[in-house]
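Only one structure is covered here, and it is reproduced in the block below.
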Amino acid sequence: MVNPTTRERASVQELIAKAGNNKRKKIIEKIIPVILFLIAGVSVLTTVGIVATLIFETVTFFRQVPILSFIFGTEWLPFSNKEPKFGILPLIVGTLKITLIAVVVAVPIGLAAAIYLSEYATDNARRIIKPVLEVLAGVPTIVYGFFALTFVTPVLQTIIPDLKIFNALSPGIVVGFMIIPMIASLSEDAMSAVPNAMREGALAMGATKFEVAMKVVLPAALSGILASVVLATSRAIGETMIVSLAGGSTPRFDADFTGSIQTMTAYIVQVSTGDAGYGTPIYYSIYAVGFTLFLFTLLMNFLASRITKRFREAY
Amino acid sequence: MRITEQQPGVNKRFIDPASVSKRMDGRKITNSVFKTLFFMATLVALLVLGILFYRILSQGIGFLSADFFQNFASRFPEKAGIKAALVGSLWLMAVVAPVSMFHGIGTAIYLEEYAKKNRVNDFIRMNISNLAGVPSVVFGLLGLTIFVRALALGNSILAAGFTMSLLILPVIIVAAQEAIRAVPQHVREASYGMGATKWQTIVRVVLPSAIPGILTGSILALSRAVGETAPLIVIGVPVIIQFLPSGVMDTFTALPMQIYDWAKRPQADFQKVASAGIIVLMAFLLLMNSIAVLIRNKFQKRY
């Protein structure tokens, strides 16, 4: 009494067993994860490559220039024929000037835009404004740099007659506008993540929308907002083309915003466009500057991830 | 109790409407004042974008002619053209797109489908998010040391392409991860239930439905590589090139490099040439973005 269904079942079982015994397939299943793991290793190798390159060449630089005079020196005169000086502080001050202006411009505007988008805007308004902000984020920095040099600086010169062609103010403002979309969209994400029940609770108690935004949503989303500001600051520190085009190339250790400056990034560009011979202190100096820049941005990114982990309020 | 004592006889009112409405008016005004302020701030950001586009269009449109696309770089603004830069950018794309997508998608598949929760994989994840925050100019230094000098590729398309690929790798990984994560678990289980192996499931079920999302994210990342200037400068990509590259080992120039060179020149006419170059670059980016949006709208499945 052979039941036909049992026979069919048996044959399916045989098929599965056969498929399972297929050696080639088994090997593929074993090899693929290994290959993919190796591919994933490329990103780790990239980091290792960056850190190793920077450290290796920076050490070579410190064989030629004492490390203390690099960290504490207030004069950056690498191209001087008589006595080149490599004190990083003027470049750091230049970078901080740009970052300060950018943050002062971007934080109020970016946060205001985020509050508007998350608390006030209708769905239609949001559908128009968000893509436009994305376009603003997608504009290449070289375009912003050109804009700073040929439009923002002349406009500012009509307001501040003392302003030089190359200055800290104009690229600082434009870097600020460059990071606005980042602050706005990351902060908006953080605010949108605040559950509606909390808003409705406050509204039911008679609070206005402004009070809800300030006293309920903002405190609840604070970690995300802070992280967005820190990440945007990191972007401003590493920004290169805007400051190279509109900031000038005069490393200065002072608090003047109207004259030509130089940032760490702009120095690397200046050396790269010139013809510094391989093996000269100037050649190695771009790695020392790049390493300093890398440490700055790494610190900011680390800070941002700590903020999100530490102060996150889970609902 | 005090209120009832003050107003004896009147039915017990614990809230005084007069004083409430007085304060309410002030609060309502604050609300609308700030609503306007927030809206204006948003407008300022959009306005800047408008001014930027208007300025560049009005300056550069006059220099945008057929000659501009057919001429090489020149010392004379009226003879300057963008041919070498445009072709160079296309060559760069041809290297960056396959290299970065291969590594990006591979890493994403590993992290989403295979990686167990352990220290090594946590380290890989943390490493990717840190890599995304490294300034592009630092990637240039990496490219200069490893690709240009150590591997002796020189300032070729290949060296620049590899550098750019590493630069946009984190963006592609994250986009591909999100696309793969969006494929629901029950689809995978159905495939296993039919007797498919893990790799068969990934190749024939997961990837086909994740590919629109992966492509959209990759194209957006590629458009970042097209507009990026700093790494190219550090690698030493030249600007005045009078020939077209014929292979990946040739030197080349790219759109942003060419624009940078023009923008730096003091003559007023070169500013207009730079604007024309920017129009070409932005049109290029707009085209890529439109394709990305098109793919997303047309092919993306919703579960």
Side-chain angles (χ1 to χ4, degrees), chain A residues 16 19 25 28-29 32-33 36-37 39-40 42-44 46-47 49-50 53-54 57 108-109 112-113 115-117 120 129 132-133 135-136 138 140-143 145-147 149-151 177 180 208-211 231 234 238 240-241 245 265 268-269 272-273 286-287 290 293-294 297-298 301, chain B residues 27-28 30-31 34-35 37-39 41-42 44-46 48-49 51-52 55-56 103 106-107 109-111 114 124 127-128 130-131 133-138 141-142 145-146 166 169-170 173 195 197-199 223 227-230 233-234 236 256 259-260 263-264 271 274 278 281-282 285 289:
Chain A
I16 291 175
K25 218 183 262 173
I28 288 180
E29 290 300 318
I32 290 289
L36 289 175
F37 178 75
I39 293 174
V42 168
S43 69
V44 179
T46 310
T47 310
I50 289 176
T53 310
L54 290 178
E57 305 285 31
I109 298 181
I115 294 175
Y116 175 75
L117 285 174
Y120 289 99
I129 294 170
V132 180
L133 278 178
V135 173
L136 202 61
T141 54
I142 178 85
V143 178
F146 179 74
F147 184 64
L149 180 67
T150 61
F151 180 74
F177 275 99
I180 281 176
T208 63
K209 273 198 167 180
F210 175 65
E211 287 159 350
L231 281 180
S234 165
T240 309
M241 296 322 296
L245 268 177
T265 50
I268 297 174
V269 166
S272 302
T273 46
I286 60 174
Y287 289 95
L293 176 69
F294 179 73
T297 53
L298 193 70
N301 294 336
Chain B
R27 288 164 61 201
K28 274 184 176 165
T30 319
N31 181 42
F34 273 94
K35 183 185 175 180
L37 272 180
F38 292 150
F39 180 63
T42 315
V44 166
L46 305 188
V48 167
L49 189 68
I51 296 173
L52 192 150
R55 277 281 299 184
I56 283 161
H103 288 103
T107 307
I109 294 175
Y110 174 74
L111 288 177
Y114 287 100
I124 294 178
N127 172 65
I128 290 166
N130 271 331
L131 211 53
V134 174
S136 59
V137 71
V138 174
L141 289 175
L142 173 78
T145 322
I146 305 288
L166 295 183
L169 192 57
I173 293 174
T197 62
K198 188 159 194 172
W199 180 239
S223 73
E228 196 65 66
T229 324
I233 295 178
V234 178
I259 294 165
Y260 174 62
K264 271 198 314 181
Q271 305 287 317
I278 289 175
L281 175 66
M282 297 291 275
L285 294 182
N289 279 288

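What you see is a predicted model, and the numbers here were worked out from it, not measured in a lab.
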Item to check | Closest non-hydrogen atom pair between B/Thr42 and A/Ala112, with its separation | outcome: OG1-O, 4.4 Å
Item to check | Stepwise side chain to side chain contact (heavy atoms under 4.5 Å, CB included) check, A/Ile39 with B/Tyr110 | outcome: CA-CA 8 Å; A/Ile39 293 174; B/Tyr110 174 74; over 6 Å; no
Item to check | Exercise: identify the closest heavy-atom pair between B/Asn127 and A/Ser43 | outcome: ND2-O, 3.0 Å
Checklist entry - For A/Phe147, is it the side chain, the backbone, both or neither that has a heavy atom under 4.5 Å from a heavy atom of chain B? => result side chain
Next on the checklist: If I measure from the heavy atoms of chain B, does A/Phe37 come under 4.5 Å with its side chain, its backbone, both, or neither?
Outcome noted: both
Checklist entry - Under the criterion side chain to side chain contact (heavy atoms under 4.5 Å, CB included), which of B/Thr107, B/Ile128, B/Ile124 is the partner of A/Val44? => result B/Ile124
Item to check | Largest heavy-atom contact set with chain A, pairs under 4.5 Å, which of B/Leu46, B/Leu166, B/Leu49, B/Leu285 | outcome: B/Leu49
Next on the checklist: Do A/Glu211 and B/Arg27 make a side-chain contact, defined as non-hydrogen atoms from C-beta onward lying under 4.5 Å apart?
Outcome noted: yes
Item to check | Option that, when pairs with chain B are counted at under 4.5 Å, heavy atom only, ranks first among A/Leu136, A/Ile180, A/Thr240 | outcome: A/Leu136
Checklist entry - Quick one: CZ on B/Phe38 to CZ on A/Phe210, what's the gap to the nearest 0.5 Å? => result 5.5 Å
Checklist entry - Below 4.5 Å, heavy atoms only, C-beta onward: do B/Asn31 and A/Tyr120 meet side chain to side chain? => result yes
Checklist entry - With only heavy atoms counted, which part of A/Leu231 is less than 4.5 Å from chain B, the side chain, the backbone, both or neither? => result neither
Next on the checklist: Can you tell me which portion of B/Leu111 sits under 4.5 Å from chain A's heavy atoms? Options are side chain, backbone, both or neither.
Outcome noted: neither
Next on the checklist: At a heavy-atom distance under 4.5 Å, which candidate from B/Val137, B/Leu281, B/Leu52, B/Ile259 has the highest pair count against chain A?
Outcome noted: B/Leu52
Item to check | Segment of B/Arg55 engaging chain A (4.5 angstrom heavy-atom cut-off) | outcome: side chain
Item to check | More than 12 heavy atoms from other groups under 6.0 Å of NZ on B/Lys198 | outcome: yes
Checklist outcome for this item: Closest heavy-atom pair, A/Phe146 versus B/Ala274, reported as atoms and distance to 0.1 Å, is CE1-CB, 3.6 Å
Checklist entry - Where on B/Ile146 is there a heavy atom nearer than 4.5 Å to chain A: the side chain, the backbone, both, or neither? => result side chain
Item to check | chain B contact via A/Ile109 - which portion, at a heavy-atom distance below 4.5 Å | outcome: both
Item to check | Residue pair B/Thr30 / A/Thr208, side-chain heavy-atom distance below 4.5 Å | outcome: no
Checklist entry - Once you round to the nearest 0.5 Å, how far does OG1 of A/Thr53 lie from CG of B/Leu141? => result 8.5 Å
Item to check | Contact class of A/Ile28 relative to chain B, heavy atoms under 4.5 angstrom | outcome: side chain
Item to check | Part of B/Ile278 within contact of chain A (heavy atom distance under 4.5 Å) | outcome: side chain
Next on the checklist: Can you confirm whether the side chains of B/Gln271 and A/Thr150 place a donor and an acceptor under 3.5 Å from each other?
Outcome noted: no
Next on the checklist: Would you compute the distance between atom CG of B/Leu142 and atom CZ of A/Phe294 and round it to the nearest 0.5 angstrom?
Outcome noted: 10.5 Å
Item to check | Rounded distance [0.5 Å steps], CG in A/Leu36 versus OH in B/Tyr114 | outcome: 6.0 Å
Checklist entry - Can you tell me how far CD1 of A/Ile115 sits from CZ of B/Phe39, rounded to the nearest 0.5 angstrom? => result 15.5 Å
Checklist entry - Distance from A/Ile32 atom CD1 to B/Ile109 atom CD1, nearest 0.5 Å? => result 9.0 Å
Next on the checklist: What part of B/Leu131 gets within 4.5 angstrom of chain A, counting heavy atoms only: side chain, backbone, both, or neither?
Outcome noted: side chain
Checklist entry - So, A/Thr273 and B/Tyr260: side-chain donor and acceptor under 3.5 Å apart, yes or no? => result no
